[in-house]
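Quick note: residue numbers are just sequence positions, from 1. All heavy atoms count here, side chains included; hydrogens, waters and symmetry mates do not.
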Amino acid sequence: MALDRVPQRVGVVGYGRLGQSLVSHLLAQGPEKGLELVFVWNRDPGRMTGTVPPVLQLQDLNALSERHPDLVVEVAHPKIIHDSGAHILRHANLLVGSPSALADQATEQRLREASHRWGHAVFIARGALWGSEDIIRLDAAGGLQSLRVTMATHPNGFRLEGPLATAPRTGPRTVLYEGPVRGLCPWAPRNSNTMAAAALAAPSLGFDRVIGVLVADLSLPNMHVVDVELSGPPGPTGRSFTVHTRRENPAEPGAVTGSATLTAFWRSLLGCCQLPSKPGIHLC
């Protein structure tokens, strides 16, 4: 059943594993869902050859307005959000697949200002963050005291930069980083998106008080494991409310995105297309 009588026009920015999955879904299922794929952009256009119809290939991201999108889906790299996020919001709603970009306060501010100026929404895909709606509700009620997200996988699944790229790894399991999510995102932009989504789901804590932990584990060659631990206020007995979830997501060796996350992102895309174009930042 279509989401609306008038098809929503969708553009995809990025054609890696996640982008390829979304384009495939949009081409195969988009019409019945009320969605029309109107462009695909990739930094290396050659990667689209043979799989993306030439008429859908966008060569210049600055020319996206010519395709009149209702929604632009970013699944490329945080740099796209840093450099082009505000420009995209001038023309369409934006679904961010690299929320680690918002750890940069200037980038977050630019997105918020552009969203309100042009009346378009910034949607954040929850990705591998399990229980995001419960985190949002608890935080909104003033009951979230702490939030900690640990992501563990084989070292080959990381795409690290700066000091983390050369951090020594000792033994079968090494904690590469433990601290505020804001400090992690610049050095692990493609491996911290779940933690960034958690920080955005809990604005009372935000990027500075949500704790992110990145673990290199040699025993996880084909698995991404995400642990989410949170605590609320003490009850009548003095003990605090706590929740601990563990998500084990199968992944191809060396892959940045786990298999279940591909499906979760497609559901986020469908979900945000059912929401109103309301200025501000919203998880979906």
Say you draw a straight line from [atom1] of [X] to [atom2] of [Y]; how long is it, rounded to the nearest 0.5 Å?
X: H25; Y: R267; atom1: NE2; atom2: CZ; result: 9.0 Å
X: L102; Y: I124; atom1: CG; atom2: CD1; result: 5.0 Å
X: L56; Y: L27; atom1: CG; atom2: CG; result: 6.5 Å
X: L64; Y: S84; atom1: CG; atom2: OG; result: 8.5 Å
X: F207; Y: L200; atom1: CZ; atom2: CG; result: 4.0 Å
X: W266; Y: Q29; atom1: CH2; atom2: CD; result: 5.5 Å

If you compare all heavy atoms of [X] against all heavy atoms of [Y], which two are closest, and at what distance to 0.1 Å?
X: A202; Y: L147; answer: CB-CD2, 4.0 Å
X: G119; Y: P279; answer: CA-CG, 3.9 Å
X: G127; Y: R247; answer: O-NH2, 4.3 Å
X: L176; Y: A167; answer: CD2-CB, 4.4 Å
X: A201; Y: S132; answer: CB-O, 4.5 Å
X: P203; Y: D139; answer: CD-OD2, 3.0 Å

Determine whether the side chains of [X] and [Y] contain a donor N or O and an acceptor N or O closer than 3.5 Å.
X: T51; Y: Q20; value: no
X: S231; Y: T242; value: no
X: D217; Y: H154; value: no

More than 12 heavy atoms of other residues, nucleotides or ligands under 6.0 Å from [atom1] of [X]: yes or no?
X: R117; atom1: CZ; value: no
X: E66; atom1: CD; value: no
X: R169; atom1: CZ; value: yes

Do the side chains of [X] and [Y] join up, straight or via other hydrophobic residues, at under 4.5 Å, putting them in one cluster?
X: V96; Y: L18; result: no
X: I88; Y: V10; result: no
X: L129; Y: I281; result: yes
X: L283; Y: L270; result: no
X: M48; Y: V72; result: no

Residues that H82 engages under ring-ring contact (aromatic ring centres under 6.0 Å, His included), provided they are two or more places apart: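 Residues passing ring-ring contact (aromatic ring centres under 6.0 Å, His included) with H82: none at all.
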Which residues share a ring-ring contact (aromatic ring centres under 6.0 Å, His included) with W130, sequence neighbours left out: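 Partners of W130 under the ring-ring contact (aromatic ring centres under 6.0 Å, His included) test: none.
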Evaluate the side-chain proximity of [Y] to [X]: yes if any heavy-atom separation is below 4.5 Å, no if none is.
X: E74; Y: L95; answer: no
X: H87; Y: N62; answer: yes
X: C273; Y: L71; answer: yes
X: Q8; Y: K33; answer: no
X: R239; Y: P234; answer: no
X: R173; Y: V215; answer: yes
X: P155; Y: L218; answer: yes
X: L262; Y: L22; answer: no

Derivation of the side-chain contact (heavy atoms from CB on, under 4.5 Å) call for V75 and V13: CA-CA 6 Å; V75 283; V13 175; over 6 Å; no
Check: [Y] main-chain N/O paired with [X] side-chain donor or acceptor under 3.5 Å:
X: N93; Y: A121; answer: yes
X: E229; Y: H244; answer: no
X: E161; Y: A188; answer: no
X: E252; Y: N222; answer: no
X: H120; Y: S115; answer: no
X: R9; Y: H68; answer: yes
X: R246; Y: D227; answer: no
X: R159; Y: N156; answer: yes
X: Q109; Y: L111; answer: no
X: S268; Y: A125; answer: no

Residues which pass side-chain contact (heavy atoms from CB on, under 4.5 Å) with K79, listed by chain and number, not counting sequence neighbours: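 side-chain contact (heavy atoms from CB on, under 4.5 Å) list for K79, sorted by chain: H77, D83.
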Set of residues satisfying side-chain contact (heavy atoms from CB on, under 4.5 Å) with respect to R110, sequence neighbours excluded: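 A106, T107.
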Under 4.5 Å side-chain linkage, directly or through intermediates, the cluster mates of M223: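 So far as hydrophobic clustering goes, M223 is joined with L220, V225.
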Evaluation steps, side-chain contact (heavy atoms from CB on, under 4.5 Å), between L275 and F123: CA-CA 10 Å; L275 298 175; F123 297 112; 3.8 Å; yes
Taking only distance into account, with no hydrogens and no angle test, what donor-acceptor pairs under 3.5 Å do side-chain atoms of residues 35-47 form with protein atoms, sequence neighbours excluded?
| residue | atom | partner | partner atom | Å |
| --- | --- | --- | --- | --- |
| N42 | OD1 | Y15 | N | 2.8 |
| N42 | ND2 | D44 | O | 3.0 |
| D44 | OD1 | G46 | N | 3.1 |

Passing candidate, side-chain hydrogen bond (donor to acceptor under 3.5 Å, both in side chains) with T261, options N193, N249, T194: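 With T261 as partner, N193, N249, T194 yield a single side-chain hydrogen bond (donor to acceptor under 3.5 Å, both in side chains), made by N249.
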Verdict with supporting geometry, W187 and L160, side-chain contact (heavy atoms from CB on, under 4.5 Å): CA-CA 6 Å; W187 309 126; L160 306 177; over 6 Å; no
Test log, rule side-chain contact (heavy atoms from CB on, under 4.5 Å), inputs L164 and F158: CA-CA 10 Å; L164 287 188; F158 291 129; over 6 Å; no
